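This structure is a prediction, so every number in the text was calculated from the model and none was measured. Note that these values count all heavy atoms, side chains included, but never hydrogens, waters or copies made by symmetry. Residue numbers run from 1 in the order of the sequence given.
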Amino acid sequence: QLQLVESGGGLVQPGGSLRLSCTYSGFTWDYYGIGWFRQGPGKERERVSYIVFPDGNTYYSESVKGRFTISRDSAKNTVYLKMNSLKPEDTAVYYCAADGPGMIIAGEPHYWGQGTQVTVSS
C-alpha cells in the first residue's frame, strides 16, 4: 500500500527557510511523479512543484519559482522541498502527492500525505 509522510513544517519568520520532506513507500512504479501542493486559509489548493521519474523533470509555480527547490534522495525514498525567502503568503498546509506523471502534472493525484503546516509570520 502506497504511503506518503510529510515532515518539516513549522513557524518561520519572513525571509526564512524551511525544508519539507516527503517519504514514500509501497510502490515500485517505473514512471511516476511526486508533487507538492498547498492550501492556504481561504484559498484553493495550489500545485506548487513536482518532479517526475525517471526523467527527473521538475516544475515550479510562478509564485515560488526561484525560491523553492524540489529534489530527491532515492536511497531514502524521500522528496524534499527546500523553501527559501519565505513570505507570509506562503502560509499553508503543504501536502505531497504521488501518482502517474499525467496526474501529477495536470490531474488529481490519488495518493496523498497527511499534510504539514507552514506558517510564515513575524
Side-chain angles (χ1 to χ4, degrees):
Q1 182 177 354
L2 192 147
Q3 290 188 322
L4 301 144
V5 178
E6 302 101 333
S7 61
L11 173 64
V12 63
Q13 292 186 342
S17 298
L18 283 174
R19 189 182 74 165
L20 306 183
S21 300
C22 173
T23 301
Y24 53 95
S25 61
F27 69 98
T28 57
W29 303 338
D30 292 326
Y31 300 92
Y32 64 97
I34 303 288
W36 285 98
F37 297 74
R38 68 184 181 186
Q39 187 161 20
K43 298 181 181 179
E44 294 187 353
R45 191 171 63 199
E46 176 188 6
R47 181 179 275 101
V48 174
S49 178
Y50 61 72
I51 183 167
V52 293
F53 302 104
D55 299 332
N57 293 333
T58 60
Y59 159 86
Y60 301 94
S61 68
E62 286 300 318
S63 61
V64 308
K65 193 174 293 183
R67 300 187 297 123
F68 290 13
T69 304
I70 192 169
S71 62
R72 180 182 77 158
D73 184 334
S74 58
K76 296 181 179 180
N77 280 354
T78 299
V79 169
Y80 301 100
L81 186 69
K82 181 64 187 301
M83 307 185 295
N84 295 326
S85 303
L86 283 161
K87 306 175 182 179
E89 50 264 42
D90 294 317
T91 295
V93 179
Y94 284 71
Y95 300 90
C96 70
D99 212 317
M103 297 299 279
I104 288 295
I105 292 168
E108 180 70 19
H110 288 94
Y111 305 97
W112 293 85
Q114 81 285 357
T116 185
Q117 176 71 46
V118 171
T119 302
V120 184
S121 175
S122 55

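- For the residue pair R47 and M103, the shortest heavy atom distance occurs at NH2-O, 3.7 Å.
- Linking ILVMFWY side-chain heavy atoms closer than 4.5 Å, directly or via other members, places V52 and V79 in two distinct hydrophobic clusters.
- Checked against the 6.0 Å centroid criterion, the rings of Y95 and F37 do not qualify as a close aromatic pair.
- A salt bridge does not link K43 with E89: every distance from a Lys NZ or Arg NE/NH1/NH2 to an Asp or Glu carboxylate oxygen is 4.0 Å or more.
- Pairing each heavy atom of G35 with each of Y50, the nearest pair is CA-CB, 3.8 Å.
- Between R38 and D90, the closest heavy-atom pair is NH1-OD1, 2.9 Å.
- Atom SG of C96 and atom CH2 of W36 lie 5.0 Å apart (nearest 0.5 Å).
- When the side chains of ILVMFWY residues are joined at heavy-atom separations under 4.5 Å, either directly or via intervening members, F53 and I105 end up in two distinct hydrophobic clusters.
- Judged by distance alone, the side chain of T91 and the main-chain N or O of T119 form no donor-acceptor pair under 3.5 Å.
- Across every non-hydrogen atom of L86 and R67, the tightest pair is CA-NH1, 3.9 Å.
- Under the 3.5 Å distance criterion, with hydrogens and angles disregarded, a donor-acceptor pair is assigned to the side chains of E46 and S63.
- Taking 4.5 Å as the limit, every side-chain heavy atom of S121 sits out of range of all side-chain heavy atoms of P88.
- Distance alone, capped at 3.5 Å, is enough to place a donor-acceptor pair between the D73 side chain and the A75 backbone.
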#### Entry: Stepwise side chain to side chain contact (heavy atoms under 4.5 Å, CB included) test for T58 and S49
CA-CA 7 Å; T58 60; S49 178; 5.5 Å; no
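- In this structure, Y32 is a member of the same hydrophobic cluster as L4, with clusters built from ILVMFWY side-chain heavy atoms closer than 4.5 Å.
- V48 and Y80 are assigned to two separate hydrophobic clusters, defined by single-linkage of ILVMFWY side chains at heavy-atom distances under 4.5 Å.
- Of all non-hydrogen atoms in I34 and C22, the two that sit nearest each other are CG2-SG, 4.3 Å.
- Rounded to the nearest 0.5 angstrom, M83 CE and L20 CG are separated by 3.5 Å.
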### Task
Take Q13 and V120, measure what side chain to side chain contact (heavy atoms under 4.5 Å, CB included) needs, and give me the verdict at the end.
CA-CA 5 Å; Q13 292 186 342; V120 184; over 6 Å; no
### Task
Under the side-chain hydrogen bond (donor to acceptor under 3.5 Å, both in side chains) rule, what do E6 and S21 come out as? Steps first, then yes or no, please.
CA-CA 5 Å; E6 302 101 333; S21 300; over 6 Å; no
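- Taking each heavy atom of S85 and S17 in turn, the nearest pair found is N-OG, 4.4 Å.
- The distance from atom NE2 of H110 to atom CG of L2, rounded to the nearest 0.5 Å, is 12.0 Å.
- Taking CG from N57 and CD1 from I70, the interatomic distance works out to 11.5 Å, rounded to the nearest 0.5 Å.
- I104 and Y24 fall into different hydrophobic clusters, defined by Ile, Leu, Val, Met, Phe, Trp and Tyr side-chain heavy atoms under 4.5 Å apart, directly or through other members.
- Residue Y94 holds its OH atom at 9.0 Å from CG of L18, rounded to the nearest 0.5 Å.
- Note that the OG1 atom of T23 and the CG atom of N77 stand 8.0 Å from one another [nearest 0.5 Å].
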